[in-house]
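In the text below, chain A, chain B and the rest are named by the order of the sequence lines, each starting its count at 1. Quantities reported herein were computed from a predicted structural model and do not represent experimental measurements.
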2 protein chains.
Amino acid sequence: MHEVIKRIPLFSGLEEGMVNKISEFCRLRIFNKGDIIFFESEPYRGFYAVVSGLVKVYKISRDGREHIIHIIAPFNTFAEVPLLENLDKITDDDFRYPACSMAIEDNTKVVLVPANEFRDILKNDLNISLRMLSGLAKRLRHLNHHIEELTLKDVTKRTAAFLISVYENTSSNSKLKGSTISLSVNRSDMAAYLGTAIETLSRTLSRLQAEGIIEVTGKKIFIKNAYKLKEISLS
Amino acid sequence: MHEVIKRIPLFSGLEEGMVNKISEFCRLRIFNKGDIIFFESEPYRGFYAVVSGLVKVYKISRDGREHIIHIIAPFNTFAEVPLLENLDKITDDDFRYPACSMAIEDNTKVVLVPANEFRDILKNDLNISLRMLSGLAKRLRHLNHHIEELTLKDVTKRTAAFLISVYENTSSNSKLKGSTISLSVNRSDMAAYLGTAIETLSRTLSRLQAEGIIEVTGKKIFIKNAYKLKEISLS
DNA sequence: CGTAACCTTGATTAAGATCAATTCTCGTGG
DNA sequence: CCACGAGAATTGATCTTAATCAAGGTTACG
């Protein structure tokens, strides 16, 4: 556990004593694809850090539609909000998870950081508190961006932006010529993240392919014209 | 300035010395309706707290459509993200505001909290850092909720939810019988916040009126059936 | 009062959701 | 190794919501 904790940016670089202290009360949990990590409104236990695999955080509407708010990659944390909103409170009486989360890959490993124990540390450690601030600020920026995309861009632009972001985060060195990205999510999750229907996403990808910008083979997508794709995403 | 600073929740209850120190480098600014406080991409100076009046934080699309991310009421802060994202950095070289903001009432008073000076305080004061954490967490919850509304609910439900939230935050004691709320924003801003067009919003309000749920008179709206309105917002 | 900004209503259009039918993919067992 | 079947993805047809275009009506304020 010690080694795992050290790899989480929120904790990495802390002095050994502190890492040990934190490691003591954290718990490793393993989930398979489709397993629920927590439901919305479930009593709050603490926040999580993904160690390996992939996790989605999402909301479900009354009529069963799903919207994915975040897709959490390894070494990122999620579900800190209920903890931080109520730092004063001694007991966490009625805190609940504000969304659902689910593993979307088999053998997804996550660390549970229990609220009560961590709160005590946070309230006495400026360093950790500042790290959490940075983390939350990044999350806020991401959400702002997500809202901007959803409200000001159509499905084609959002799709292009999504592909470009995967493309740019895939650190392939030869980006000038086309390269292949491999999506870590299926169409259903991609659509739920982009705020559209599976069919609409499918059509959009087909159209981008017909226009010679990408080449789709299941979860592998060959980016033939990154420049044009970027142009679409920004328009 | 001292008295103003003390009324901002982020700072209230701090010891006098600290309040004085902060007051020293903050600057009060006054804007009229329609005045820009900052543009997107403008170099970052620091964050703001609204003292009186009303401020909107918004994004503009390429083709000129506007989406309002937040409407900031007195004594709340905005634009902290660039400060917090980069606490390590000594100089804030290339930090920019990630959205635009504008006063939407005449004589809107805001306090500018300069980034460099405040960063030094923040990095040495656990108390303030914890307060900022709570503030950001609340902001995150609000954004999550905003995204949920935008993606999972239609315009009618979003409008109902907006009216109900104004209704519930207006601490009129007699909520059982109908009561009148007075919107602080015009139709254009309300539509931009709800992610719809002015005309669609207007039609939606007319329909709710025709159904006997509300009674519209400009910015005054009489809530005739709060229960039904709430029901719509949740459906 | 007069004018400009704001709001409402009507008609039309467009984007995307939904319903329906194949087709594709991939893991499993024969 | 191949055939099968279930889930995933694509494609087509149609419908719905809300955006856009256009024209009046209201309100606020000098």
For a quick test of reading the model: is some side-chain N or O of A:S188 closer than 4.0 Å to OP1 or OP2 of D:dA9?
no
Side-chain N,O (A:R203) to OP1/OP2 (C:dG16) below 4.0 Å
no
Side chain of A:V155: nearest nucleotide among C:dA20, C:dG16, D:dT20?
C:dG16
Regarding the side chain of A:D154, the nearest nucleotide among C:dT18, C:dG16, D:dT20 is C:dG16
Rounding to a whole Å, what distance do you find between A:K33:NZ and D:dG7:P?
13 Å
Under-4.0 Å salt bridge between B:R96 and B:D94:
yes
Using atom CG of B:D63 as one end and atom P of D:dA19 as the other, report the distance to the nearest whole Å.
13 Å
Of all the choices, C:dA17, D:dC21, D:dT11, which nucleotide is nearest to the side chain of A:A197 once you look at every atom?
C:dA17
Between A:T156 and A:E199, which is nearer to the 5' end of DNA chain C once each is assigned its nearest nucleotide?
A:T156
Measuring only between side-chain heavy atoms, which start at C-beta, is A:L234 closer than 4.5 Å to A:I232?
no
Taking only side-chain nitrogens and oxygens of B:S206, does any of them come within less than 4.0 Å of OP1 or OP2 of C:dT9?
yes
Just to be sure I understand the rule, does B:G34 reach a base, reach only the sugar-phosphate, or reach nothing, if contact means heavy atoms closer than 4.0 Å?
nothing
Atom-pair distance (CZ on A:R187; P on C:dC26), nearest Å:
12 Å
Whole Å only: how far is the CD atom of A:E66 from the P atom of C:dA17?
14 Å
When rounded to whole Å, the CD1 to C1' distance for the pair A:I214 and D:dA9 reads 14 Å
Please determine if A:K153 and A:E148 form a salt bridge, counting it only when a charged side-chain N lies under 4.0 Å from a carboxylate O.
no
Among C:dG16, C:dA20, C:dT8, find the nucleotide with the atom closest to the side chain of A:T196.
C:dG16
B:K153 NZ to D:dA18 C1': how many Å, rounded?
18 Å
Write down the distance between CG (A:L152) and P (D:dA19), rounded to a whole number of angstrom.
12 Å
What nucleotide among C:dG16, C:dC7, D:dA9 has an atom nearest to a side-chain atom of A:N186?
D:dA9
Would you say the side chain of B:L136 lies within less than 4.5 Å of the side chain of A:M132, judging by non-hydrogen atoms?
no
Please determine which of B:L84, B:V113, B:V111, B:V81 meets the side chain to side chain contact (heavy atoms under 4.5 Å, CB included) test together with B:F47.
B:V113
Atom-to-atom span, CG of A:L150 to C1' of C:dA15 - whole angstrom:
15 Å
Can you check whether B:T200 has a side-chain N or O nearer than 4.0 Å to OP1 or OP2 of D:dA18?
no
